[in-house]
Amino acid sequence: MSNKSSYLFILFAVLIAFVVFSSEKEYFSLLREPMKLSLPKGFPTPAYNFQKNKLNAKVFNLGRQLFYDPILSADGSISCGSCHQQIAAFAHIDHALSHGIYGKIGKRNVPALQNLIWNTSYMWDGGVNNLEVQPINPITNPIEMNESLAHVVQKLNASVKYKTLFFKAYNDSLINSERLLKALAQFTGLLISADAKYDRVMAKADTFTTQEQQGFQLYKVKCANCHPAPLFTDNSMRNNGLPIDTALHDDGRATITHQSGDKNKFRVPSLRNCEMTYPYMHDGRFRKLKEVIAHYNNQSKMERNYDRSINKIGTLTAEEQQALVLFLKTLTDKTFLYDRRFADPNNQ
Amino acid sequence: MHRFLKLSAFTGAIGLLVVFYSFYLIKRPIRSNLRINIIHLVGNRELKLDSVTYHNGLNQAYTVSKFKYYLSNFELINSNHQAIPLGEYFLIDEEDPASKKIAIKNLPSGVYTGISFLIGVDSLHNCSGAQSGALDPINGMFWAWHTGYIFFKLEGKSTASKQAGGNFEWHIGGYQEPVNCIRKVNLNFKQKKSSSLDIDLDLVADINNLFTNPKVIDLANFSSVTGVEKATTIADQYSQLFYLR
């Protein structure tokens, strides 16, 4: 009898611990009204706040439905989630260049979607200035979803499902592009990754192995200039020295500004979850992290106007390169990659 | 005696009320409206889309198929030279006659000597994310890949154009230096206007001005202006486009 009650006690304690533990990792709750975002410890003030797009579980849910619905594409064949997969931190695993409608291939590698509210610009060329208007690009791009925003609004208005979801979210049945885009922004804006092993080590709840620790020291000296913690990007546009791909001829930032000094500059991506976001670089030319490190390790082969802060890297030994890869893998955040609130609602 | 006091107190109170009410009537702000009738001309004639061939300052023949632009951030200038902001965003489209009659309700009271407004959309509203109404991106006046509104569109055909099909196309936008195409227009009224009455204005845009003032525009060199290059040149032209009739 006493044995049974002690089992019960242990079970209860485990449950309590689980609740306390999991609530610590939650930056928002869909069950609490009003919905509130608590930023991960040590993260800076976000560039996008939800002041004019009040967080609400029903709007978030609408955004999630839209994100996974091919209704956004011209022929109903692809959704945002087709190319932005949760297991890859919402990048496209194993695809170098983005795939679009009718099997078309795009010009750039699908970027991860994580910690977007801290971005000061969006897209590889930084051409987009606000999280809310970013989705207009894939929706209207002829080799991505090839749809018009007006027609998407029309299709949503004709859908009983969305009439209901918009009504639930906004308390009236108006469906317009502003509401569509704001709902998407609630979903994508809450894709927050800040619970990797690295974060737990920083919070003194875990420890690095010797090699991870060595990699961390190297990261701080060699990589943190452009990829500073906790976001692991400084949000800047830089030329990372990749030799120009003559088939793609992508001028990067210069396609936006038409300034020759911006040629071959691209947004510095975050290193978070990089174990899962392969292949790498704006054109997906590297399949493995060690190839990326090998690129930075050999400045003599770089495009001549490469960002000179790369010189800090100098030359890494094989052992150092391996340690660096092991450190980068501590940035993998399984809490984020398996958070059911971000999963396809149709597969649950 | 007692009754007399009571009566005079009563009439006094009524009298005071009457006095206060008449003060209120005099001081009460009268809510009048600003109504602007926008007129699109080419020279002396009303603009006709597609069907009429016009000639610019270099005698180059052209037709107009689209004429569409933003006017925003209206201000009235009072007799103390202060600008009284009225706000508002309007998308004017030759194809949509209703869009050429705009109104701003409930004017602040005052005597006004002129009006100002922006051609385009202020920088803040180019960075404000998803918006509706005049600023809804479905209106076809929004660049998705390089976020920002297209302030001004003029499209048509010209024998001078070097584009396919003889088309010419001006899509002008950009809210940041060095490509800032927002232009402020200041226009004086011929006579002072009081907000005690509705203010009615005829605002004229003469497309001929686009080709002649301040520069003479050669459609051979300006047949396609849709990005960063040459945009500010066209913006300077449209800054001189409007006048009050």
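Chain identifiers are assigned alphabetically (A, B, ...) following the order of the sequence lines, protein sequences preceding nucleic acid strands; residue numbering begins at 1 within each chain.
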Query raised in the report: Hey, does A:Leu149 have a side-chain heavy atom less than 4.5 Å from the side chain of B:Phe142?
Result: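 Not in contact.
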Query raised in the report: Of all residues at least two apart in sequence or in a different chain, which pass the ring-ring contact (aromatic ring centres under 6.0 Å, His included) check with A:Phe167?
Result: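 With sequence neighbours excluded, A:Phe167 shows a ring-ring contact (aromatic ring centres under 6.0 Å, His included) to no residue whatsoever.
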**Report entry** Sequence neighbours excluded - salt bridge (Lys or Arg N to Asp or Glu O under 4.0 Å) pairs with any residue from residues 65-75 of chain A
**Finding:**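 Qualifying pairs: A:Asp69-A:Lys161.
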I'd like a table of all donor-acceptor pairs linking chain A to chain B (distance under 3.5 Å, no angle check), giving the atom names and the distance to one decimal.
unit_1	atom_1	unit_2	atom_2	d
A:Gly127	O	B:Thr147	N	2.9
A:Gly127	O	B:Thr147	OG1	3.4
A:Asn129	N	B:Thr147	OG1	3.0
A:Asn129	ND2	B:Asn126	O	2.9
A:Asn129	ND2	B:Tyr175	OH	2.9
A:Asn130	ND2	B:Cys127	O	3.1
A:Glu132	OE1	B:Ala130	N	2.7
A:Asn137	OD1	B:Trp145	N	3.0
A:Asn137	ND2	B:Ala144	O	3.0
A:Ser177	OG	B:Asp136	OD1	2.6
A:Ser177	OG	B:Asp136	OD2	3.4
A:Glu178	OE1	B:Ser132	N	3.3
A:Glu178	OE1	B:Ser132	OG	2.7
A:His258	ND1	B:Glu229	OE2	3.4

Query - For A:Ala91, all residues meeting side-chain contact (heavy atoms from CB on, under 4.5 Å), sequence neighbours excluded - result: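 With sequence neighbours excluded, A:Ala91 shows a side-chain contact (heavy atoms from CB on, under 4.5 Å) to A:Ala88, A:Ala112, A:Thr277, given in chain and number order.
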Report task. Looking only at non-hydrogen atoms, find the nearest pair between A:Val128 and B:Ala144 and report the distance. Result ->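 For A:Val128 and B:Ala144, the tightest heavy-atom pair comes out as CG2-O, 3.5 Å.
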**Report entry** Residue selection (most heavy-atom pairs with chain B, distance under 4.5 Å) from A:Ala150, A:Gly127, A:Pro135
**Finding:**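 The candidate making the most pairs under 4.5 Å is A:Gly127.
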